[in-house]
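One-based numbering along the sequence shown.
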Amino acid sequence: MSLARKVMIGSAWGVGGTVLTQIIAFLVLAILARHLDARDFGVVALVIVSIELTRDLMLAGLPDYLVRERDWNERIAASGFYFQIGASLVLALLAGVGGMALAAVGRETVGNVMLVLAVCYPIDAIAAIPLARLRHGIRYQAISAAMVTGGLASAAVSIFVVLNDGGLWALVYGRIAGAVVNAAAVLLLARWTPSSGPSFHALRPVWRISLSLAGSRLLNILNLRVTDLIVGAVGGTTVLGLYQLATRGVTFLLQAILAPIQSVALSAFSSASGRDEVVNAAHRMFGATAILVFPAAAGLSAISPEFVEIAFGDRWADLALPAGIVALTAIPAVVNYLLTPILIKLDRSAEIMRFSLILTGTSAAIAAGTAPFGITIVAIGFVSRSVVGCFVSLSILKRDLGVSVVQFLKPLAVPFLGALLVFAVVFVCRVYLSNYAAAVRGFFLVIAGIMAYVPFFFFYLTRRENSRLVDWRT
């Protein structure tokens with residue numbers, strides 16, 4: 001099988017596994033939301049974010065280094081495995097001490113959760129190099145199988161614990177069960193064990209590159225998680241829990257649609273030679289992405305009252321407004337997600353780093369400023385951060401490709417107008433369906449939104465079919 005075909009099939013399996021895992025997690029969340037309160041979600045989320053932000057310290061970029069090399073280096077892999085096990089035990093010890101310290105100063109719940117979840121460090125470390133082995137061999141079918149298996153294990157344990165009045169420990173034990181089963185599946189499928197003892201001398205030549213990769217990865221995670229961290233620290237665990245639930249719908253939308261498109265986009269740009277062809281490829285990619293994402297975001301925002309009631313239960317009705325606001329984040333996110341593959345094509349890695357720093361700083365400032373004022377203001381800040389990122393992205397593209405902002409926004413016009421119509425139609429139809437149950441109302445509102453958007457979809461396809469490559473600089 002050719003490398004290109006292996007990459008294509010691997011990408012398809014990766015996307016499928018991610019989407020299926022997201023669906024499983026969402027269904028479990030819908031069950032847990034009927035038994036837990038916002039503070040439960042917030043406490044566990046705050047600890048998990050802390051673990052995710054420190055996890056890359058133990059990995060030190062070594063898995064990414066091994067994956068990017070043409071040939072698998074067994075000596076580095078074995079030494080890296082032992083290094084990561086040692087680093088994970090240190091981090092687990094520190095987390096345990098931190099948990100006990102928090103419990104001693106009156107934060108028993110957060111401290112106890114941190115103490116128990118500290119076990120995730122060594123579990124993740126054991127699977128890190130075997131997972132890199134699967135990635136190096138482009139064995140994403142195996143990776144997806146392990147991911148889904150872990151997701152199912154997490155779901156089973158979480159539901160069992162919460163139905164037996166385990167409270168927030170359903171989230172904790174579910175997280176550990178998912179990590180254990182995922183790690184076991186990775187070890188079984190990779191069939192890799194270290195073939196030699198630790199040799200830190202073998203790691204000396206790779207530290208500079210691996211730590212650079214670790215820094216980039218950490219920045220990406222910080223960019224995604226800084227809002228959660230600051231909302232929890234400034235607004236408290238209850239606001240963080242509400243934020244976690246309010247953003248779940250748009251997170252699923254981004255993971256199920258935009259993230260796979262971002263992965264495919266680099267392949268789409270790879271055939272372009274010269275900036276004019278990159279511009280035309282970007283123009284087509286923006287339009288094709290927007291035609292899918294814009295109506296989905298507008299529709300999710302418009303049906304947020306029904307979505308919240310169906311997914312989480314009627315006791316979370318106050319989340320309808322913030323959930324509807326954050327759903328709109330997906331619209332400016334189209335530009336943000338496509339910026340990275342364009343800059344990779346143009347060999348502008350420094351620009352990617354600067355953009356991530358700007359977005360991270362903006363997220364931190366907005367989160368700190370909005371967290372004290374409740375979840376609705378936090379939701380508005382969440383959208384504002386994405387809008388700021390969109391305009392920064394457009395300014396970068398204007399400078400690097402020589403195309404005006406207006407020209408880049410042109411392919412978004414038809415999808416945007418269609419999204420506005422979807423929102424308006426759903427809003428009006430709700431008035432006539434107000435006496436029906438949420439599930440029935442939601443079903444008919446989705447149908448109404450789809451029917452309203454169909455003409456725009458076919459108009460876009462017709463216009464694209466009849467269009468020719470032009471110079472978008474004019």
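For E306, the side-chain hydrogen bond (donor to acceptor under 3.5 Å, both in side chains) partners are R430, R441, not counting sequence neighbours. Taking the ring-ring contact (aromatic ring centres under 6.0 Å, His included) definition, one finds that F81 meets it with W192, sequence neighbours left out. Applying the ring-ring contact (aromatic ring centres under 6.0 Å, His included) test to H35 and every residue at least two apart in sequence or in another chain returns nothing. Partners of R248 under the side-chain hydrogen bond (donor to acceptor under 3.5 Å, both in side chains) rule, at least two apart in sequence or in another chain, do not exist in this structure. Residues satisfying the side-chain contact (heavy atoms from CB on, under 4.5 Å) test with D318, not counting sequence neighbours, are none. For the side-chain contact (heavy atoms from CB on, under 4.5 Å) test, residues two or more places apart in sequence or in another chain that qualify with A128 are L59, P63, Q84. Qualifying ring-ring contact (aromatic ring centres under 6.0 Å, His included) partners for W316, counting only residues two or more places apart in sequence or in other chains: none. Legend: residues meeting side-chain hydrogen bond (donor to acceptor under 3.5 Å, both in side chains) with T376, ordered by chain and number and at least two apart, are absent. Every residue two or more places apart in sequence or in another chain that forms a side-chain hydrogen bond (donor to acceptor under 3.5 Å, both in side chains) with Q244 is listed here: D228.
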*Please step through side-chain contact (heavy atoms from CB on, under 4.5 Å) for the pair N182 and D124, ending with a clear verdict.*
CA-CA 9 Å; N182 180 74; D124 291 346; over 6 Å; no

*Step by step, work out the side-chain contact (heavy atoms from CB on, under 4.5 Å) result for I48 and V44.*
CA-CA 6 Å; I48 289 177; V44 179; 3.6 Å; yes

*Show your reasoning for whether side-chain contact (heavy atoms from CB on, under 4.5 Å) applies to L417 and L421.*
CA-CA 6 Å; L417 290 174; L421 181 63; over 6 Å; no

*Would you sort out whether I375 and V231 count as a side-chain contact (heavy atoms from CB on, under 4.5 Å), showing the intermediate values?*
CA-CA 9 Å; I375 183 59; V231 166; over 6 Å; no

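Formation of a donor-acceptor pair under 3.5 Å by the T329 side chain with backbone atoms of V326 is found in this model. A donor-acceptor contact shorter than 3.5 Å is absent between the side chain of T237 and the backbone of V43. Although no hydrogens or angles enter the test, the distance criterion places a donor-acceptor pair under 3.5 Å between the side chain of R34 and the main chain of A30. Counting only distance, with no hydrogens or angles, the side chain of Y453 and the backbone of A296 share no donor-acceptor pair below 3.5 Å. In this structure, the side chain of S301 engages the main chain of G324 through a donor-acceptor pair within 3.5 Å. A donor-acceptor contact shorter than 3.5 Å links the side chain of S393 to the backbone of G389. D314 contributes no side-chain N or O that, together with a main-chain N or O of E309, makes up a donor-acceptor pair within less than 3.5 Å. Between the side chain of T360 and the backbone N or O of L357 there is no donor-acceptor pair closer than 3.5 Å.
A side-chain N or O of Y121 and one of T54 form a donor-acceptor pair less than 3.5 Å apart. No donor-acceptor contact under 3.5 angstrom links the side chains of T238 and R39, judged on distance only.
The shortest distance between side-chain heavy atoms of L46 and L229 falls below 4.5 Å. Looking at L359 and S356, their side chains never come closer than 4.5 Å, going by heavy atoms from C-beta outward. Counting heavy atoms from C-beta outward, I331 and V293 have side chains that stay 4.5 Å or more apart. When side chains are defined from C-beta on, L339 does not count as touching V335, because their heavy atoms never get closer than 4.5 Å.
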Show which side-chain atoms of residues 103-113 pair as donor or acceptor with protein atoms under 3.5 Å away, not counting sequence neighbours.
residue, atom, partner, partner atom, Å
N112, ND2, E108, O, 3.1

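Evaluation of the side-chain hydrogen bond (donor to acceptor under 3.5 Å, both in side chains) test over residues 162-180, restricted to residues two or more places apart or in two chains, returns none. Sorted by first and then second residue, the ring-ring contact (aromatic ring centres under 6.0 Å, His included) pairs involving residues 358-387 (not counting sequence neighbours) are Y243-F382.
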